[in-house]
Amino acid sequence: MNPVDAGKLFALSLLLASNLALAHAGHDHGGAPQAPPAAHQEKASVRFADVALLDQDGMPVRLEKDLVGDHLVVMGFIYTSCTTVCPVVSSIMGKVQQQ
């Protein structure tokens, strides 16, 4: 991965983490429930390097060409030996896939 791609990936990770923190920061844990903020649509443009990967069946795929393209994509990277948070994240991703 070249330094520019690594920087973009790092910036995207920070953006996602800050959005999660902001989403939780709005909850008042001690009082009456508040009305959720009005929904709005944000646009973002993210390009992925067209790296070679293996799918769940061990078949080669290209990240940009075969998986992303012009589709809305949700990706989760899970360590198969992880026994703490990974099973929970995998379960959530399975529910997202069903929807």
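For reference, positions follow the sequence shown, starting with 1. All figures in this text were calculated on a predicted structure; none of them were measured in a lab.
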Mind listing the side-chain donor-acceptor pairs of residues 92-99 below 3.5 Å, one per line with the distance, residues two or more places apart or on another chain?
none

Problem set entry | Partner residues of D57 under the side chain to side chain contact (heavy atoms under 4.5 Å, CB included) criterion, sequence neighbours left out | D55, M59

Problem set entry | R62 and D50 ion-paired at < 4.0 Å | yes

Seminar exercise, completed: In terms of heavy-atom contacts, P87 and C82 come closest through CD-O, 3.9 Å

Exercise. Quick one: salt bridge (Lys or Arg N to Asp or Glu O under 4.0 Å) partners of D66, sequence neighbours excluded?
Worked result: none

Problem set entry | Results of side chain to side chain contact (heavy atoms under 4.5 Å, CB included) for L63 - residues two or more places apart only | F48, V51, L53, L67, V68, M75

